[in-house]
Amino acid sequence: MFSSVAHLARANPFNAPHLQLVHDGLAGPCSSPVGSPNPPRRSRNLAAAAVEEQYSCDYGSGRFFILCGLGGIISCGTTHTALVPLDLIKCRMQVDPQKYKGIFNGFSVTLKEDGVRGLAKGWAPTFIGYSMQGLCKFGFYEVFKVLYSNMLGEENTYLWRTSLYLAASASAEFFADIALAPMEAAKVRIQTQPGYANTLRDAAPKMYKEEGLNAFYKGVAPLWMRQIPYTMMKFACFERTVEALYKFVVPKPRSECSKAEQLVVTFVAGYIAGVFCAIVSHPADSVVSVLNKEKGSSASQVLQRLGFKGVWKGLFARIIMIGTLTALQWFIYDSVKVYFRLPRPPPPEMPESLKKKLGLTE
């Protein structure tokens with residue numbers, strides 16, 4: 001499969017050295033003619049930089065997708081595990097709002113009852129589950145972005161790029177949630193049911209004995225409700241925010257920014273995307289937390305019982321957690337790409353053929 005995707009990716013607008021050259025004035029009708037005695041100095045510098053840039057693999061190759069998946073494992077597994085204490089308090093506020101009245105009250109009650117070690121409950125299923133989710137989320141996103149782009153063609157990819165981001169991320173998250181669901185169910189049981197189990201080794205066999213495989217996958221539909229809108233916002237908002245930052249905020253073209261400067265833009269765009277992600281996905285997150293705690297309940301029953309106000313409990317904690325989480329995930333993911341010298345295409349530019357159709361060039 002990867003070999004066919006790699007073949008298609010060579011013509012992909014996201015594999016955009018030509019588009020970047022157009023953006024920087026190195027191609028198209030406005031560029032200097034061949035043999036011009038006085039070519040622009042900036043063009044020579046950028047061309048030299050392009051020659052010096054050596055990638056470890058081709059965009060869209062099997063190695064590219066595998067290393068993107070590895071980047072997803074590192075970014076999602078580490079960040080979600082680091083935020084386990086805040087996630088634990090958020091879950092408890094959702095399932096028992098009378099006892100856990102706020103973030104600080106939740107920390108105080110948990111420390112009093114379980115001690116400092118209690119804040120780390122559920123770290124193992126969190127690390128395993130979200131590492132698998134990160135593998136599918138980021139790895140498959142790159143795969144689907146290439147596939148859908150080549151289905152649309154260069155011009156339509158540019159015109160419908162937001163829709164492409166949404167479709168590719170939704171497709172990737174569908175599979176990512178199937179990988180996440182068993183560990184998410186175990187994590188919620190450990191975190192929200194005192195005395196049920198303290199470790200994954202205790203929780204998993206007990207859940208299977210009580211409810212069979214259904215215990216691990218009954219929350220997959222609510223997970224899709226929570227995670228697919230979340231991921232669509234995460235990727236589409238991030239991609240368009242990066243595009244806007246380079247266009248309106250960053251005082252120089254991306255090609256002239258250092259790797260460190262580019263990573264700062266990545267972090268800022270990730271945080272902005274994360275705030276919107278938290279708001280979009282919070283009601284479904286509340287349903288998932290309650291559903292995985294209770295036996296025999298359905299998502300519709302939980303939603304009806306919580307009501308409109310109930311599904312928004314813990315939103316502030318989730319905004320802090322998801323904003324930070326998303327920013328760090330994009331920063332780590334992009335850093336992994338830099339470390340492995342993977343192609344990192346710039347924000348897409350309008351193809352020359354489309355410019356001619358629109359009368360923007362002679």
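Every heavy atom of this structure was used, including side-chain atoms; hydrogens, water molecules and symmetry mates were not.
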Quiz prompt | Other ILVMFWY residues reachable from L135 by side-chain steps of under 4.5 Å | solution = I73

Quiz item: Is the side chain of S149 donor-acceptor paired with the backbone N or O of T157 at a distance under 3.5 Å, no angle test?
Solution: no

Quiz item: Between CD of E173 and OH of Y230, what distance do you get to the nearest 0.5 Å?
Solution: 8.5 Å

Practice problem: Determine whether more than 12 heavy atoms belonging to other residues, nucleotides or ligands lie under 6.0 Å from atom NZ of K337. | Solution: yes

Quiz item: Do S171 and Y148 pass the side-chain hydrogen bond (donor to acceptor under 3.5 Å, both in side chains) test, and can you show the C-alpha distance, the side-chain angles, and the key distance before you say yes or no?
Solution: CA-CA 11 Å; S171 301; Y148 294 162; 2.8 Å; yes

Exercise. Would you confirm whether the ring centroid of W330 sits within less than 6.0 angstrom of the ring centroid of F138?
Key: yes

Practice problem: Assess the side chains of S286 and R226: does a donor N or O sit below 3.5 Å from an acceptor N or O? | Solution: no

Quiz item: Any chain of hydrophobic side-chain contacts (each under 4.5 Å) joining L86 to I190?
Solution: no

Quiz item: Quick one: CZ on R344 to CG on L342, what's the gap to the nearest 0.5 Å?
Solution: 9.5 Å

Practice problem: Quick one: list whatever passes ring-ring contact (aromatic ring centres under 6.0 Å, His included) with W224, sequence neighbours left out. | Solution: F174

Exercise. With rounding to the nearest 0.5 Å, note down the distance linking SG in C257 to CD in Q262.
Key: 6.0 Å

Quiz item: Has the side chain of T231 got a donor or acceptor atom that lies under 3.5 Å from a matching backbone atom of K234?
Solution: no

Quiz prompt | V336 reachable from F65 in the ILVMFWY side-chain graph, under 4.5 Å edges | solution = yes

Exercise. State plainly whether one hydrophobic cluster holds both F144 and L152, where clusters connect Ile, Leu, Val, Met, Phe, Trp and Tyr through side-chain heavy atoms under 4.5 angstrom apart.
Key: yes

Exercise. Please work out which of the three classes, parallel, tilted or perpendicular, describes the rings of F267 and Y271, given edges at 30° and 60°.
Key: tilted

Quiz prompt | Residues clustered with Y130, ILVMFWY side-chain links under 4.5 angstrom | solution = L180, L223

Exercise. Please tell me if the side chains of M350 and L358 come closer than 4.5 Å, counting only heavy atoms from C-beta onward.
Key: yes

Practice problem: Answer whether the closest heavy-atom distance between the side chains of E184 and P125 falls below 4.5 Å. | Solution: no

Quiz item: Has the side chain of E239 got a donor or acceptor atom that lies under 3.5 Å from a matching backbone atom of A236?
Solution: no

Quiz item: Quick one: does E243's side chain have a donor or acceptor within less than 3.5 Å of a partner on P348's backbone?
Solution: no

Quiz item: Cluster question for you: counting only ILVMFWY and a side-chain heavy-atom cut-off of under 4.5 Å, with indirect links fine, are V84 and V116 together?
Solution: no

Quiz item: Taking the six-membered ring of Y196, is NZ or CZ of R189 closer than 6.0 Å to its centre and within 45° of its axis?
Solution: yes

Quiz item: Do the side chain of H80 and the main chain of S75 share a donor and acceptor less than 3.5 angstrom apart?
Solution: no

Practice problem: Evaluate side-chain hydrogen bond (donor to acceptor under 3.5 Å, both in side chains) for N105 paired with S108, printing each intermediate quantity in order. | Solution: CA-CA 5 Å; N105 174 261; S108 176; 5.7 Å; no

Quiz item: Do any N or O atoms from the side chain of D96 and from the backbone of R92 form a donor-acceptor pair under 3.5 angstrom?
Solution: no

